[in-house]
Structures are given as structure tokens and as C-alpha cells.
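Below is one structure, written out as C-alpha cells; the observations come after it.
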Amino acid sequence: MTPAAEHPSGITEPASSAEVVAVARRRKFTTAYMQRIVREADACTAPGAIGALLRREGLYSSHLSKWRLLIAASDAAIPNTKRGPKPDAAKAVDRRVANLELTNEKLTKQLERAKLIIAAQKKLCNLLGLPPEEDSL
């Protein structure tokens, strides 16, 4: 088994990544990785430095341009807020009360059913002449 190498994007690749695989897998880059590469590219001042960075990382210039747009859009985006109507405290209380009432009805029905079953068992014991057990309810 060949040792695995960790790619800078966080993807684990086989040590010999030049091998052709049967099924190609699309690389997935983390946001932190994209931001790091864009920062490194922005810091490049020497001619050919960006090209060397892209070759070192195995990236295309289109990656860099798309990532710059994504980062600019995320910086200008509205802060994360929940969409839709704001929750109403009174409605939440009403829903909670309705839920508790349904639960109460369900448990009341189960209790009545259990009482009927116990009564039937007592009658059966009396018919068979078995000694009655103490009442647990």
C-alpha cells in the first residue's frame, strides 16, 4: 500500500498522484484554502510569481479569478440572518400549549386503555380461580 500525501487543499491523495484513476474525482477546496491562496497571490510582486504559485498548488488562473469574486461577494454580503417572518413569542406559547394538550389527551387514552386491560385481567383471574394480586394503581 502506498503512503498517502496530504494536498494543501485538505484532500488526501495517493503518493503517486500522476497515476490515472478509473473514476476522476472533482477536487473540493475549503474556504480557508481559497482565502489563503488569494492572499498569497495578492502578495506576489515579482513577475511570474503568481504563475509559480499556481503551478506549485496545481491550480488554474480561472480558479484564482473565481475565488476573488467569491471572496468579494462574501465580504459584501448581508450578515447571516434567518430569512422569513420573525418568530412570535405568543404563537410559540400557543403552539406549546396545543402540543401539551395533545400529549395529555394521548396519555389519558393510554391510561384508560391500561385500566380496561387490568380490569379484564382481574375478571379472568376470578373466573380461573387464581388469587388476586394487589392493586398497583
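Quick caveat: nothing in here was measured; it's all calculated off a predicted structure.
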* Starting at CG of L111, measure out to CG of L107 and round the result to the nearest 0.5 Å. => 9.0 Å
* To do: For I117, check side chain to side chain contact (heavy atoms under 4.5 Å, CB included) against everything at least two apart and list the hits.
  => R113, Q121
* To do: To the nearest 0.5 angstrom, please state how far the CG atom of L59 sits from the CZ atom of R27.
  => 5.5 Å
* With a 4.0 Å cut-off, would you call E40 and R56 a salt bridge? -> yes
* Looking only at heavy atoms, what is the nearest atom pair of G48 and R55, with distance? -> O-NH2, 4.5 Å
* **Approximate separation, where rounding is to 0.5 Å, of N99 CG and R95 CZ** => 10.5 Å
* Asked: Which pair of non-hydrogen atoms, one from C44 and one from I50, has the smallest distance, and what is that distance?
  -> CB-CG1, 3.7 Å
* To do: Quick one: closest heavy-atom pair of F29 and M34, and the distance?
  => O-CE, 3.3 Å
* Mind running side-chain contact (heavy atoms from CB on, under 4.5 Å) on E101 and K106 for me, showing each step along the way? => CA-CA 9 Å; E101 287 175 351; K106 180 180 173 184; over 6 Å; no
* Take K122 and I118 through the side-chain contact (heavy atoms from CB on, under 4.5 Å) test and state the conclusion after the steps. => CA-CA 6 Å; K122 284 182 182 179; I118 291 171; 4.0 Å; yes
* To do: Supply the atom-to-atom distance K115 NZ to E112 CD, rounded to the nearest 0.5 angstrom.
  => 5.0 Å
* Asked: Looking at NZ of K28 and OH of Y33, how far apart are the two atoms once the value is rounded to the nearest 0.5 Å?
  -> 16.0 Å
* Structure fact -> Rounded to the nearest 0.5 Å, the NE2 atom of H63 sits from the CG atom of L70 at a distance of 11.5 Å
* Would you name the heavy atoms of L53 and I37 that are closest together and state the gap between them? => CD2-O, 3.9 Å
* **Heavy-atom side-chain contact between D42 and V38 under 4.5 Å** => yes
* Structure fact -> Correct closest heavy-atom pair for Y60 and L54 would be O-CD2, 4.0 Å
* Asked: Of all heavy-atom pairs between R68 and A41, which one has the smallest distance, and what is that distance?
  -> NH2-CB, 3.7 Å
* To do: Following the transitive rule for hydrophobic clusters with a side-chain heavy-atom cut-off under 4.5 Å over Ile, Leu, Val, Met, Phe, Trp and Tyr, establish whether L130 and L124 coincide in one cluster.
  => yes
